[in-house]
Amino acid sequence: MTTSSIRTESHIEGVRRPGRWLALSVLVLAVLLVAVDATVLGLATPFLSEDLKPSGTQLLWIGDVYSFVIAGLLVSMGSLGDRIGRKKLLLIGATAFGALSVLNAYATSPEMMIVARALLGVAGATLMPSTLALIRNLFHDPRERSLAIGIWGAMASAGAAVGPVVGGFLLEHFWWGSVFLINLPVMAVLVLVGARLIPESKSPDHGPWDLPSVALSLVGVVGVVYAVKELASHGPSLDAGAAALIGAAALTWFVRRQLTLPAPLLDMRLFHHRGFSGAVLADLLTILGLSGLVFFLSQFFQLVQGRRPLEAGLAELPAAIGAVTAGLVAGVVARRFSVRSVVAGGLAAVGLSLAVLTTLDLHTGYPLLGASLLVVGVGAGFAFTVTADVILSSVPKEQAGAASAVSETAYELGAALGIAVLGSIVTGVYQGFVTPAGVPSDIASAAHESLGGAVEASGGLAPATATALVSSAQDAFVDGLRIAAGVGAGVLLATAAAAWFLLRGQKLEDGVEH
């Protein structure tokens, strides 16, 4: 049999693989859960604050340590999947994710919650690159793969908005830990069905898993993100400077080590491809602009506008609807027009929507908020789906895990930086509010930790004083949210301009190399 006939047979087998769409549905379950877990705490924050009584800094760590750890380990886990088998890693990770969800649900202190979220991040890091790499191996036909990636991207984008809806429903009926226990049945389905339907795949040409590189990537990413977080929260400090130096040194050492290893954790030559680099940068900065805002918008709906948890979750649903719809048609639209116009246009739409939110006040009506969230979802759905397709199509199939890991690292690193930077802006502005006269110092101190803390602390005050305290805190919170929205809008519009130039000439596969 000739080489070309073998390739044709392989191609047909890949296109017609039985059960591939059912296998995809199992993979996107994992994506949805990891994305949901990154945002579901936004709604649970007031309840968690009341129960565990974390400080403002601890609350931010609870919110973003999950993304920190995922970002630090994704490249390592993508490379591990290429070596031991992506299906095997996915099933191991899903089992661990379910078990660690129980630990999160029953955390009894802020410190325990932070550790539990970090461990959940380790498990989450095994899931994301495996799912996208397996899609690359399930779908060999470029148009089918575009649709599959569209569904994957829609779930990744929609997870941020589905999280508040699911969380809102659970918080209406159960305690805050239930937002984690919901992971158990989903992960059980993933393991049982995935074991039968998902084909195993791994790189045929792999070397040993380099543990020094794993440590360097983790220390580098977490060090840099921690430094940014500290700088945004407290200004220049010795701690922030030390973390930045350690993180930068570790990442530099990581890159140099990859260039000398015969079987690197991450092939740095991938970044020589302009489309690959442009798509990764677009993912990173888009999520940075969005994530911090989403994290605090849930609190705005509940603690400022007084909505119940489920109502607050449903208020964010237009973003999910927009993301799913755009993700499903993104491949077709990018082929009809161009990759750069769809990505840059999507990013610009998100940026303009965030700019609209700079007009936010305590009494902003829902039509404006709902319309903005819908446009955000559509823009993000187009951008994420097309960039994921570009990233995955830019590399040979055997490097799918590494490429997927880079894509996911950009996503999670952007989420961590977004919560750190934009979240710190909101927190910094909030903590500067003036305490009304007559508020005892201990209550004032608790109120300045977080908006949830202010609402809870006001319960022990006289009605007039309590109203004045909560009103002052809400005004400061909204001021911070407006500034964060403006920064996010600037980041997104700048990213749209960069994507227009970096993705010039890029095309999605359609029987043609790009």
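Please read these numbers as outputs of a predicted model, since none were measured by experiment.
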Looking at side-chain heavy atoms only, is the closest gap between [X] and [Y] below 4.5 Å?
{"X": "V26", "Y": "V189", "answer": "no"}
{"X": "N104", "Y": "L181", "answer": "no"}
{"X": "V219", "Y": "F254", "answer": "no"}
{"X": "R257", "Y": "L216", "answer": "yes"}
{"X": "S213", "Y": "L261", "answer": "yes"}
{"X": "V390", "Y": "F276", "answer": "no"}
{"X": "L27", "Y": "L190", "answer": "no"}
{"X": "V191", "Y": "T95", "answer": "yes"}

Closest non-hydrogen atom pair between [X] and [Y], with its separation:
{"X": "A355", "Y": "A489", "answer": "N-CB, 3.6 Å"}
{"X": "A282", "Y": "T387", "answer": "CB-CG2, 4.2 Å"}
{"X": "G370", "Y": "P318", "answer": "O-CB, 3.6 Å"}
{"X": "L347", "Y": "A499", "answer": "CD1-CB, 4.1 Å"}
{"X": "G220", "Y": "L251", "answer": "CA-CG, 3.6 Å"}
{"X": "A123", "Y": "G93", "answer": "CB-O, 4.0 Å"}

Checklist entry - For T325, which of V329, L328, I321 qualifies under side chain to side chain contact (heavy atoms under 4.5 Å, CB included)? => result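 The side chain to side chain contact (heavy atoms under 4.5 Å, CB included) with T325 is passed solely by I321 among V329, L328, I321.
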
Item to check | Option among I62, L103, V65 that satisfies the side chain to side chain contact (heavy atoms under 4.5 Å, CB included) test with M113 | outcome: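 Per the side chain to side chain contact (heavy atoms under 4.5 Å, CB included) rule, the option paired with M113 is I62, out of I62, L103, V65.
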
Out of curiosity, [X] [atom1] to [Y] [atom2], how far, rounded to the nearest 0.5 Å?
{"X": "L481", "Y": "L357", "atom1": "CG", "atom2": "CG", "value": "7.5 Å"}
{"X": "L22", "Y": "R196", "atom1": "CG", "atom2": "CZ", "value": "11.0 Å"}
{"X": "E144", "Y": "W21", "atom1": "CD", "atom2": "CH2", "value": "5.0 Å"}
{"X": "L100", "Y": "F180", "atom1": "CG", "atom2": "CZ", "value": "11.0 Å"}
{"X": "L73", "Y": "L218", "atom1": "CG", "atom2": "CG", "value": "5.0 Å"}
{"X": "L120", "Y": "F97", "atom1": "CG", "atom2": "CZ", "value": "4.0 Å"}

Checklist entry - Can you list the steps and then say if L80 with T126 is a side chain to side chain contact (heavy atoms under 4.5 Å, CB included)? => result CA-CA 9 Å; L80 182 62; T126 67; over 6 Å; no

Checklist entry - Passes side chain to side chain contact (heavy atoms under 4.5 Å, CB included), L184 versus V102? Steps please. => result CA-CA 8 Å; L184 293 177; V102 177; 3.8 Å; yes

Next on the checklist: Between V69 and V222, is the side chain to side chain contact (heavy atoms under 4.5 Å, CB included) condition met? List the steps.
Outcome noted: CA-CA 7 Å; V69 174; V222 173; 5.6 Å; no

Checklist entry - Taking the side chain from N183 and the backbone from S101, do they hold a donor-acceptor pair closer than 3.5 Å? => result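 Answer holds: no.
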
Checklist entry - Can you tell me if S341 uses its side chain to pair, donor with acceptor, with the backbone of S338 under 3.5 Å? => result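 Here the side-chain-to-backbone pair exists.
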
Checklist entry - Under 30°, 30 to 60°, or over 60°: which ring-plane class applies to F301 and Y366, parallel, tilted or perpendicular? => result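 Tilted.
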
Checklist entry - Run the side chain to side chain contact (heavy atoms under 4.5 Å, CB included) check on W500 and V343 step by step: do they pass? => result CA-CA 8 Å; W500 179 259; V343 174; over 6 Å; no

